[in-house]
Amino acid sequence: MSVYTGPVFEMARQQFNIIADHIGMPEGERDRMLYPKRAVTVAVPIHRDDGSTAVFQGYRVQHHLTLGPTKGGTRFSRTVDLGEIAALAIWMSWKCALAGLPYGGAKGGVTVDPLALSPRELEALSRRYMQEMIPFVGPHTDVMAPDMGTNEQVMAWFMDTYSAYQGKTVTEIVTGKPVASGGTVGRREATGRGVVHLVRRAAEAIQLNPLGATAIVQGFGNVGAITARELAQQGVKVIGVSDHTGCLFDRRGLPVAEMERYAAQHRGLAGFSAEAAADPETLLTQPCDILVPAALERVIDAGVARKLSCRILAEGANGPTTPEADEVLRERGDIYVLPDLLCNSGGVIVSYFEWVQDLQQLFWEENEVNERLGQLLDRAFHLMSTRAAHDGVSNRIAAMAIGVEKVFAAKRLRGLFP
Ligand code: GLU
């Protein structure tokens, strides 16, 4: 099983072993639970605008098929490798199980800097990646969605490419599509909305009044920007924000709506304000009430964890906190952690709603989407909180234990064939 390497996979493995120990999973069952069922790597060739040919490495990992199709995003990023994609697929499994969705986890990606491609090249890459994946995906096999570096337009190209090969429109092959091509209302906002819904629950738990509370958001993509917007709408003062191009900090509060417009126009926050420009290295450790890492994995290590100065850590990103940092947070005991598995699950929950609507060709109103999203998040939040209190463990261990146990129980009941 040594094809899966690298620090992110190691982290997923380490976390899994902590959970397996906690729930007393027999040693002999662990590999079957942890290692992905399928991993596909593909070469994705495209014509560049200058007439040359470039080949990119693409991946798709399907973690387990025990509960239904696999589900998960597709990431276009320079740092993508097989170990990272496998870790993200594993985390998707626990996330879907915690939320009660009938899916295993998956993740895919291409090692590419999407900002270095022209729009035509991005379309060529997206279509060819999906075309290479046709033998391995399907509405009842594996359903893709957006992740870092991909968006609604990319999902529309995926859906169109898959459909062209089937000779009919198959909207249910991907989620996170534009509403005009079979997407659902509320999906674009779902992850950020979910983060803020759960921040409200966490604030209630520690008796923090969101009105006038301060927040810092790392990442200003779909998750970070919408989280910042929704926090501001709740009366929270967003004092720090960063993306891969720039970092802004102002104790008096930042103009989130203006920043969103600016970032959309300029492909990032760089140059928004010279006065508020700040050092991204120290952003996470600035004092604030609500800290939202909504970018990369492993940004909070033990050193950063010791210096954190927030009351709620709301993990919009997948895997932002290392197991060593978790240990520090446990010792400190003064930060309420909303673990990624729960905190960013609004995205995949509304993806599930999109898939259901596409299968039924029966579309919901936005208030229905949001209401059902709130219900599923509240149920998962309640399960996690009760379990954490009962077992005397962190929210992360509780959330992950619930997810792992669900998959484990289903595997046991189905048995091992032949
Ligand atoms: N990429 C997102 C995640 O990691 C969404 C996945 C989905 O909607 O299937 O949760």
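One-based numbering, in listed order, for ligands and for the atoms of each.
Between Arg396 and the choices Leu341, Leu342, Asp340, the side chain to side chain contact (heavy atoms under 4.5 Å, CB included) rule is met once, by Asp340. The side chain to side chain contact (heavy atoms under 4.5 Å, CB included) test with Thr175 singles out one residue from Phe353, Trp355, Tyr352, and that residue is Trp355.
In this structure, His382 places its NE2 atom where only 12 or fewer heavy-atom neighbours from other residues, nucleotides or ligands lie under 6.0 Å away.
Using modelled atom types, one side-chain atom of Tyr129 and one backbone atom of Tyr59 make a donor-acceptor pair closer than 3.5 Å.
Residue Met92 has at least one heavy-atom neighbour below 4.0 Å for each of these atoms of ligand 1: 3 (C), 4 (O), 6 (C), 10 (O). Atoms of ligand 1 lying under 4.0 Å from any heavy atom of Gly73, numbered from 1 in the order shown and given with element: 1 (N), 6 (C). Close approach of ligand 1 to Gly72 is summarised as follows: ligand atoms under 4.0 Å from at least one heavy atom of the residue are 9 (O). Counting the atoms of ligand 1 from 1 in the order shown, those under 4.0 Å from a heavy atom of Gly347 are 8 (O).
Taking only nitrogen or oxygen atoms, main chain and side chain alike, Asn344 does not reach within less than 3.5 Å of ligand 1. Checking only distances, Lys95 does come within under 3.5 Å of ligand 1, N or O to N or O.
Annotation: atom 5 (C) of ligand 1 to nearest protein heavy atom, Arg187 NH2, 3.6 Å. Closest to atom 8 (O) of ligand 1 among all protein heavy atoms lies Ser351 OG, 2.6 Å. Regarding atom 1 (N) of ligand 1, its nearest protein heavy-atom neighbour is Asp147 OD1, 2.8 Å. Atom 4 (O) of ligand 1 has its closest protein heavy atom at Lys107 NZ, 2.9 Å. For atom 9 (O) of ligand 1, the nearest protein heavy atom (residue, atom name, distance) is Lys71 NZ, 2.8 Å. For atom 7 (C) of ligand 1, the nearest non-hydrogen atom of the protein is Ala145 CB, 3.3 Å.
Annotation: cation-pi pair Arg128/Trp157 absent, no NZ/CZ under 6.0 Å from the ring centroid and within 45° of its normal.
Looking at Thr191 against ligand 1, nothing comes within 4.0 Å, counting heavy atoms.
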Mind running salt bridge (charged side-chain N to carboxylate O under 4.0 Å, His left out) on Glu366 and Arg193 for me, showing each step along the way?
CA-CA 12 Å; Glu366 188 156 0; Arg193 227 170 237 168; 3.0 Å; yes
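With respect to the salt-bridge test (charged N to carboxylate O, under 4.0 angstrom), the residues Arg127 and Glu132 do not qualify.
Residue contact annotation: Pro146 has a non-hydrogen atom under 4.0 Å from ligand 1.
With hydrogens and angles left out, the side-chain atoms of Ser118 and Asp49 include a donor and acceptor closer than 3.5 Å.
Between Leu198 and Leu377 there is a side-chain heavy-atom pair separated by less than 4.5 Å.
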